[in-house]
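Worksheet for the structure shown next.
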Protein chains: 2
Amino acid sequence: MRQPASSARAASSSAPGNVGDVRKANLARVLSVIAAAGEDQRFSRADIAQLSQLTKASVSSLVADLLAAGLVIEIGVHRDGERGRPSVGLILNPARCVIGMEINVDYIAAGLVDLSGKLLAHEILPRANHSATASEVLAALGELSQRLQAAALAQGLMILGGALAVPGLVDEERYTVLQAPNLGWERQDLDVAALLPGGRTRFRLFNEANASALAQQQLMDVQERDFLFVSGEVGIGGGLIIDAELFAGPRGHAGELGHVVIAPEGRACSCGGRGCLETIAGQEAILAAAGLGAVVDSASRQQRIQQLFQALEIGTEPAVSAVAEAGKSLGIAVASAMRLYDVSTVVFGGHFAALELWLRPALEASLRVHAPSIAGQARLLCSPLGQTGALVGAARSVVGDLLEAPHLLVE
Amino acid sequence: MRQPASSARAASSSAPGNVGDVRKANLARVLSVIAAAGEDQRFSRADIAQLSQLTKASVSSLVADLLAAGLVIEIGVHRDGERGRPSVGLILNPARCVIGMEINVDYIAAGLVDLSGKLLAHEILPRANHSATASEVLAALGELSQRLQAAALAQGLMILGGALAVPGLVDEERYTVLQAPNLGWERQDLDVAALLPGGRTRFRLFNEANASALAQQQLMDVQERDFLFVSGEVGIGGGLIIDAELFAGPRGHAGELGHVVIAPEGRACSCGGRGCLETIAGQEAILAAAGLGAVVDSASRQQRIQQLFQALEIGTEPAVSAVAEAGKSLGIAVASAMRLYDVSTVVFGGHFAALELWLRPALEASLRVHAPSIAGQARLLCSPLGQTGALVGAARSVVGDLLEAPHLLVE
DNA sequence: CCCATATAGTTCAGGGCATAAACTAAATGG
DNA sequence: CCATTTAGTTTATGCCCTGAACTATATGGG
């Protein structure tokens, strides 16, 4: 036989092919309808049949599998004074959850997120991670995770997976943090087993801004399927949601707004470049421009941030113009990003949200100058996400994976 | 019954659901294997079975449908001295094609592209489109299309669809050109029927840079699944290919590099902004900076471009530094775009490709200054695409649609 | 010339899955 | 207490892939 050229990629694609794959897809479809139910809304098999375009018979059979897998539970009999046999409500099993974790510069955190995306419990542990080694930090996180796992067990919760968000670039496939300058990490492989309970649980590794973007998505209108989340932390990160999905780019590093060039003749950046957004609107840059000196360690940074806010409240220079300058630059970067991504909603998180009062006027003015045609329809929001945002977003993504591939749990 | 909340989006998604959808997917899978065959390579049913992971029985049945639909033909008996029953080669039917069209500032063009993506015939008609009304231009294009349709008929070619590329923003869904400043078009609905033969043929409308990016993709290595195509025409457009697919963004306008802000305090741009890349590296900007005055009409532009090249050949100022300045700015924009998209390959087309000799040094230097960490691994290429690029890319995309949904033609 | 061998492609029984229609279950209301 | 209404299950049917048996058509050696 002639060599059938290795170029044919078709075989590797995971298109249906098998009749059994129809069932996989339909399990996911039924589950997605159940998951789409609102807070105090319960769909019955009959509802699901209508919403999913499947027949009642199929839905019954599919639901039976989901019940057996423990992904879904029947919840009482729903009676509301109407005629006919009462329907049986179906909801995502509230006793299944995913453990979300975050390592940031000043703290580590972990929490339990159920299949509806709700944070059931969490713990935030302040920690000067920059002045510790990676293995020390990971050991502390492992301990924190163990504690939460024990709490989950006590509540009768089963943990189906885990996720970790870190402030840096990651290789999700290999569970490797490629670089996290703000943590002082170079390249760090993760021992997933040390962070999670045994078993065949799913684990994912995220960039902090991407995870936050996913968390932000849950807070937005369902209509809002496209937005850019800009996270002002020690560095400036970004997470892009396109068509209601995270757009991470070929290697997972898309959305990084911090090194967009704002001032071609500007200051040198830690990335080796020149005039990056981070050199003007990064936390260190703002503090420096506000006359609050260089940051030595995380404790002193917290203090200086306090001082910055005090100065802003009073209206003292150069703090006010430092932030205004940051807003102006942020506006330029956002203008370019909105053009390149074709996105009209941008959500600001982290210190940008905290600085909104002083940042927004300059930001909006800058956007009007540099992109008047999109400034009018631009929606600029500030995120209410706190320190649990990233871990919730990361966990929620794993929940999404589980809900999209229920057949893996139905066996 | 309780109102089953309209929020459930699941029903609208086109997941399998039906056993019949397995067949649709498998028809596409088989066809994709056949399409993946190289120039003088022919897969047999047995080869396809192996490559597609389907059984010989299934492949035979699927191939029978594709043959009946006329998408595929059997081509002789392949004999090469080996034992066993000879295999029957299967190839995409060379007598099926799509008509690709382009409207640009200085010309209109149309061509026939077969299912393998090959340009079978084409015609380019120089025309000063800027100084004509949209309906005049469209009438001329309709005429050109008719001529090619007649030629196709004469050769026994059947036309399965069409595509049009224009230098401007489009609303693909509505077949509307939203704005094409370089054509002088404001908002223009297209009469698709006037451009295409009757029947239920598929039609798509593209931005020129996006279409060119699709054409460029065919020229690249199969491995190269992610790149940004930057098209230097009268304006500066961009087309982004991510994971071997066009990434057009929520409204189809992603990738537009022309209005990335390069010089915050720079010149006013036609978009209403300030300091956009186009104000420095656009065709008019380069000509002006080279001392070749403002462009009045397209004829004089062609002349001035000639003059520019003459000046560059000799090395005359200010032409050389005008182009170098453009290269520098282009480098800044590309650095930001590479960061935001997480792409490491950029292909330059249009006048950027023609100016490579004078543009590249400044571009590379600029990239090294502003993004040294990615400059090393960056691949900067120049595109050999000519005036047929956009029409071929647009047509090829329609071919791709047809090959991905063969069941529509199998009836 | 004939038959073993090898490969391509087809036929056919079997099983998984969704569908439609008939059927059972469990409520309301007069 | 029974007609009515809605929920959910059972059953016969057909589609589609699979695997194995089978047919078709070549090569090559005796």
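Checked against salt bridge (charged side-chain N to carboxylate O under 4.0 Å, His left out), Asp243(B) has the following partners two or more places apart in sequence or in another chain: Arg225(B). For Glu245(B), there are no salt bridge (charged side-chain N to carboxylate O under 4.0 Å, His left out) partners, not counting sequence neighbours.
Arg42(B) and Ser87(B) share no donor-acceptor pair across their side chains, judged by distance under 3.5 Å alone.
You'll find the side chain of Ser58(A) stays beyond 4.5 Å of the side chain of Val30(A), heavy atoms only. Side-chain contact between Ile159(B) and Cys97(B) is present, with at least one heavy-atom pair separated by less than 4.5 Å.
The CD atom of Glu74(B) sits 15 Å away from the P atom of dA8(C) (whole-angstrom rounding). Residue Arg45(B) contributes atom CZ, which lies 15 Å from atom C1' of dT23(D) at whole-angstrom precision. If you take CD of Glu82(B) and P of dT5(C), they are 19 Å apart, rounded to a whole angstrom.
Asn26(A) places no side-chain N or O within donor-acceptor distance of the main-chain N or O of Arg23(A), the cut-off being under 3.5 Å.
Using a 4.0 Å cut-off between charged side-chain N and carboxylate O, Arg45(A) and Glu74(A) make a salt bridge.
For the side chain to side chain contact (heavy atoms under 4.5 Å, CB included) with Asp226(B), the lone residue among Asp342(B), Ile241(B), Ile242(B) that qualifies is Ile242(B). Exactly one residue among Leu31(A), Leu402(A), Asn93(A) makes a side chain to side chain contact (heavy atoms under 4.5 Å, CB included) with Leu71(A). That residue is Leu31(A).
Within the structure, salt bridge (Lys or Arg N to Asp or Glu O under 4.0 Å) pairs that include any residue of residues 393-406 of chain A comprise Arg202(A)-Asp401(A), Arg204(A)-Asp401(A) (at least two apart or interchain).
In this structure, of dA3(D), dA4(C), dT25(D), it is dA4(C) that holds the atom nearest to the side chain of Arg83(B).
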*How would nucleotides 14-20 of chain C be written as a contact map, 5' to 3', with B for base contact, S for sugar-phosphate-only contact and - for no contact, using protein heavy atoms under 4.0 Å?*
--BBSBB
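The rotation axes computed at either terminus of the helix from dC1(C)-dG30(D) to dG30(C)-dC1(D) lie 20° apart, taking five pairs at each end and rounding to 10 degrees.
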Taking N or O atoms only and anything under 3.5 Å, show me the protein contacts with nucleotides 23-25 of chain C, one pair per line.
unit_1: dA25(C); atom_1: O4'; unit_2: Arg85(A); atom_2: NH1; d: 3.4

